[in-house]
Amino acid sequence: MNQKTIVQQSIKSNFCNLSEGAPISYVLIDKRLLKVGDHINFSLFFNDALTHMSLFLQSDTVIDEEHRRKLKEIERLYVHQNEKSVYETFVEEELQRTVEDASLSLNEKVDIIYSSTSQLTDSLYKNPDALENVQRSKKIIEPIIETIFHNEKTIKSFIKIIGYDYYTHTHSLNVSIYALCLGSEMGLNEKKLNDLGCAALLHDLGKSGIEHNIINKHGALSQDEFEKMKKHPSLGYEIALNIGIKNKDILDGIRHHHEKLDGNGYPDGLKDKEITLFPRIIGVCDVFDALTTKRSYKAAIHSYDAIYIMKTRMPKHLDINIIDTFIKMLHD
Ligand SMILES: [Fe+2]
Ligand SMILES: [Fe+2]
């Protein structure tokens, strides 16, 4: 099996929370994160041939060689919904170890980081008002930054992985990875990158307050629906304030990612220099991800065609220098 197929399968298996036959109260997890010596404080289940859940390991167990060997034979591993947050805390800690693990190849690391952080991003958007999300978004961003910082080829590996598979809830994670790659290419320091990553991860938080049928509509929105949709940046800004985000750069990134340089954007109709760096970066990454993402109702556009469209059709909307840096990043 080639790398692309492995990545596709792993992303699919991690994003389709519920596989065929799995009761709704179980959540599919990434078994590659479980290593010998890990102490798990959640129980693990597998889906047996009779399509009912069987206990694989009891909570409060240390994983040994024998467990690891058996794990290889189990295709899908689950935790109970009630223990999902305990598992997520484990993933956050494990991600840090994944970054530092010298025995993993760069592609393996990027793959594990991407699929695990996608799950965390998903639950962050499902519970957007929770205060712990500020902390959680930092934990999602940190391993990505660390991997980007310490490996020259990471940008390419991440971009390759993002291009493979597409689910709505990965959009925010994709945008934050693009933004971090761009920010790193532009020479932003680690503190700024952290803030940028959080802003990008949370940029569409306001969509959680928009009617589901509008968010998921296949095809063009009616004028009325579009007016409702246009509220998501200011709604996201309110949510961010409510959960205690005070950083101006992050708030700007959330509120202004749909502003356009010619003043025709929303919600505040900002122009030129009134649009700060974070919304400019996020704006470019947002459009790029939307164009290159396959949806059930539209095909994905190739990266270079997307860049061409952005350069030729959107020069009055997007920051052309940032698009040029994006091109350089794809080429390098
Ligand atoms: Fe948006
Ligand atoms: Fe977006």
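Side chains are part of it too, since the values below use all heavy atoms of this structure and drop only hydrogens, waters and symmetry mates. Indexing begins at 1, ligand by ligand and atom by atom, following the structure's order.
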(message) Testing the 3.5 Å rule here: is there a donor-acceptor pair between the side chains of H171 and H203?
(response) yes
Can H39 and D60 be counted as having a side-chain donor-acceptor contact under 3.5 angstrom?
yes
Near the Fe ion (ligand 1), meaning under 2.8 Å, the protein N/O/S atoms are D204 OD1, H232 NE2, H257 NE2, H258 NE2
Next on the checklist: Testing the 3.5 Å rule here: is there a donor-acceptor pair between the side chains of T61 and Q58?
Outcome noted: no
**Message:** Between D64 and H67, is there a side-chain donor-acceptor contact under 3.5 Å, judged purely by atom types and distance?
**Reply:** yes
Scanning both residues in full, the closest heavy-atom pair of I322 with V284 reads CG2-CG2, 3.7 Å
Between H317 and N264, do the side chains contain an N or O donor and an N or O acceptor separated by less than 3.5 Å?
no
